[in-house]
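Just so you know, ligand 1 is whichever comes first in the structure, and atom 1 is the first atom listed for that ligand. The figures here come from the full heavy-atom set of this structure, side chains too, leaving out hydrogens, waters and symmetry mates.
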Amino acid sequence: MIVPSRKTKESGVTGSAMWDERLRHFERQRERMVETIREFVEIESPSDNKPAADRMAIFLAAKFEARGGRCRLHRARDFGDNLQIDFEGSSGAQSAKRKPVLLLGHYDTVYPLGTLASMPCKLDQGRLHGPGVLDMKSGIALIFHAIEALQTWHGELPRPATVFLVSDEEVGSHSSRKITEALAKKSAGVLVLEPAAGLRGAVKTARKGVGEYTLRVRGVAAHAGLDPGKGHSAIVELARQITVIAKMNNLGQGTSVNAGVIEGGTRTNVVAAAASVAVDVRIKKAKQASAIDRRFRALKPFDKNCKLEIAGGINRLPMERTAGVAALYQQARKIAAEMQWSLDEAAVGGGSDGNFTAGMGIPTLDGMGGVGEGAHAVHEYIVISELPRRALLLAGMIESV
Ligand SMILES: [Zn+2]
């Protein structure tokens, strides 16, 4: 829906003219933005392949260094190195006093090395396709172009900014979480460049919390033909446990539990000695975390000869729509209105590193990245015509957070 821009004292005719000119700037940059995204997509960077991921980190470091950023690679043993880039901001007294804004993203993707061969980066009818193009290499490109534009318009970046691009977001952010939290603590606010919600491009002001549990059952093996009575099947026990776990679902309260992967047994003629299930858990409120955790840890075997072992927990607490989150959204709405754009907000089920920073009480706005569909899927794409206003929204937020 198109709404007319409000002609208030602060954003009068001159204000609107400025935003129009800025939008035209990004319209002129559109092809360059597409090329930047293509460069990023064509360097494959799966979370589970350190050498490949490191190549991406080094490429990004050089790219941002050329814009005057100070790069620091935080070494990670099992994942790509996490990349921090600091921009000082202009030396004016006002800028120097401001805390940096944290621009948060991840450069890892869920696609195994070699995916480009079957899923090449290609332009088609106003869309750019490719592995990770939406989630979230276009988001990283938006950061790059927003910073570049601000430097062009102001001579220097008008305030300090820290870009943090992590290597392991898609697999739980184990190597990067502490650094993300430390940087968030020092920042005025966090803008997360995850994809926007839906094709209307809503920003994300609430996310569910995410956890993963593994239940392992140890039974007693026996020959299924000779001694069936002596065995205690881990598979039968696991099947009964899964029905208990499935009852933890409470969609009305926003809790969902999915027994997603089961393993167990060795041969048909052996009573299974071991079986396990991996379970994905989503919660809406932080206070639901301990309740669900207690229920997992309270699981008791039906067959006393079987033993249960539970591992895992809630990894990301929900990103709740706090006053700080709502204030950032209002600010983003104001900037969008300058472009005659009515910016929506959305609550989504997936977690991101924004859950960590919002959970610490730092104002966080997520879903600032590209607009498209098919994240993690073979048809993943972004809508190219959305890039200019996304870049301008981000630039405006970097100025004002
Ligand atoms: Zn993502």
### Query
Under 3.5 Å, is there a donor-acceptor pair between the side chain of Ser173 and the main chain of Ser176?
no

### Task
Kindly check if the number of other-residue, nucleotide or ligand heavy atoms within 6.0 Å of CZ (Arg297) is above 12?
yes

### Task
Specify whether Tyr381 and His129 have parallel, tilted or perpendicular ring planes, treating 30° as the upper limit for parallel and 60° as the lower limit for perpendicular.
tilted

### Short side-chain donor-acceptor distance under 3.5 Å, His145 and Thr36
yes

### Summary
The side chain to side chain contact (heavy atoms under 4.5 Å, CB included) partners of Val261 (sequence neighbours excluded) come to Ala278

#### Entry: Aromatic contact, Phe26 with Trp19 (centres under 6.0 Å)
no

### Query
Around the Zn ion (ligand 1), what protein N, O or S atoms are found below 2.8 Å?
His106 NE2, Asp135 OD1, Glu194 OE1, Glu194 OE2

